[in-house]
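Whatever order the structure lists them in is the order used to number ligands and atoms, beginning at 1. Residue indices begin at 1 and follow the sequence shown.
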Amino acid sequence: MDVYLKVMRQDNSSESFTLEHLRSISSNMIFAGTDTVSNTLYWGMKLMILHPEIQDRIYREIEEVVGKERLPSNAHRNNMPYTEATLMELQRFANIVPLSIFHSNPVETTFHGYTIPKRSIILANLWTVHRDPLEWPDPDKFVPSRFLDHDGKVVQKKGYIPFGIGKRACLGIPLAKIELFLFFTTILQSYRITATPQENEFCLNIQNTASVVKPYKVIAIPRM
Ligand code: HEM
């Protein structure tokens, strides 16, 4: 924002760096950058309730790499492959932007033999990509180890595209990954997350183009 304002002041005849654009970019950032991360974390905590063994393994990794006396920082990420793999599996499983966002083609084009008339509405079905059984055996199961090799190192997979793909992929990827890692590990460092049996079922709720978990209550037990 500071850089933007500086450029606006330097060249007040610019058609690109205007107050109107700044307002629009700022609201885009807030819209695209808040619900996405918090919604992923809602899914994450629900999945930790449903998979206490995965939650315990993450806690052990936090204990080993971060300890109890300091807070997790982004510098710890590379040394925490199981947590990283869990966050990747979380994004695959949750598919919080299942149909990506709307795109359009200004000119007629052909793709894999299909003619797409100009100005079509184009949605990429990320949900199907992340539930393709050829790429992900047992796709409806939450299995962080899919993203680990035999040596326990994180592996990248071709069919993993929670942030979209190509030129118009998510602009906030580095920020989103840092936020997810920090919130997730900081919560799990301090609390064991559990729930009453009534809360222990899984309710998926599709709202507009976002997939969200139905609101649920947790019991957060402080870790000593
Ligand atoms: C878990 C978090 C997030 C997920 C899963 C996510 C996912 C996505 C997806 C699927 C798209 C559409 C890509 C496409 O059309 O191919 C997108 C676009 C975008 N995202 Fe994110 N996003 C996240 C967080 C953020 C954050 C933190 C920011 C910024 C602060 C952000 C900013 C944007 C912007 C500006 C676009 C539009 C890019 C363009 O049209 O060129 N996102 N995001």
Handout entry: atom 37 (C) of ligand 1: the protein heavy-atom neighbour that sits closest, reported with distance to 0.1 Å
Key = Ile101 CD1, 4.3 Å
Fill in the blank from the handout: ligand 1 atoms nearer than 4.0 angstrom to some heavy atom of Arg168 are 13 (C), 14 (C), 15 (O), 16 (O), 38 (C), 39 (C), 40 (O), 41 (O)
Practice task
Look at the side chain of Glu179 and the backbone N and O of Val37, then say whether any donor-acceptor pair between them is shorter than 3.5 Å.
Solution key: no
Exercise for the section: Tell me, please: is Leu175 in heavy-atom contact with ligand 1, that is, under 4.0 Å? Expected result: yes
Problem - Under 3.5 Å: donor-acceptor pair, side chain of Arg146, backbone of Pro137 - result: yes
Handout entry: Contact partition for Lys167 relative to ligand 1, non-hydrogen atoms under 4.0 Å
Key = neither
Practice task
Salt-bridge test for Lys157 and Glu135: reply yes if a basic N is under 4.0 Å from a carboxylate O, no otherwise.
Solution key: no
Problem - Exam field: side chain Tyr216 to backbone Tyr42, donor-acceptor pair closer than 3.5 Å - result: yes
Problem - Ala75 backbone acceptor or donor facing Ser73 side chain under 3.5 Å - result: yes
Exercise for the section: Determine yes or no for a side-chain-to-main-chain donor-acceptor pair under 3.5 angstrom, with Glu61 supplying the side chain and Tyr82 the backbone. Expected result: yes
Handout entry: Numbering as shown, the atoms of ligand 1 that approach Gln91 to under 4.0 Å (heavy-atom distance)
Key = 1 (C), 5 (C)
Practice task
State the atoms of ligand 1, each with its element, that fall below the 4.0 Å cut-off from a heavy-atom position in Thr40.
Solution key: 1 (C)
Practice task
Take atom 21 (Fe) of ligand 1 as the centre and count protein N, O or S atoms at distances under 2.8 Å.
Solution key: 1
Exercise for the section: Examine ligand 1 and decide if any of its atoms is less than 4.0 Å from a heavy atom belonging to Ser100. Expected result: yes
Exercise for the section: Using side-chain contact (heavy atoms from CB on, under 4.5 Å) as the criterion, point out the one residue from Lys68, Arg223, Met80, Arg57 that pairs with Ile62. Expected result: Met80
Practice task
For atom 29 (C) of ligand 1, grab the closest protein heavy atom and report residue, atom and distance to one decimal in Å.
Solution key: Met29 SD, 3.7 Å
Problem - Numbered atoms of ligand 1 (with element) below 4.0 Å of Pro162, judged on heavy atoms - result: 5 (C), 7 (C), 10 (C)
Exercise for the section: Establish, yes or no, whether the cationic atom of Arg131 lies under 6.0 Å from the six-membered ring centre of Phe93 and within 45° of the ring axis. Expected result: yes
Practice task
From the options Trp127, Phe142, Phe147, select the one residue that forms a ring pair (Phe, Tyr, Trp, His ring centres under 6.0 Å) with Trp136.
Solution key: Phe147
Problem - Donor-acceptor contact below 3.5 Å, side chain Arg92 vs main chain Pro139 - result: yes
Practice task
Determine yes or no for a side-chain-to-main-chain donor-acceptor pair under 3.5 angstrom, with Asn105 supplying the side chain and Ser120 the backbone.
Solution key: yes
Problem - For His103, the ligand 1 atoms whose distance to one of its heavy atoms is below 4.0 Å - result: 14 (C), 15 (O), 16 (O)
Practice task
Number the atoms of ligand 1 from 1 as they appear, then name those within less than 4.0 Å of a heavy atom of Ile96, with their elements.
Solution key: 5 (C)
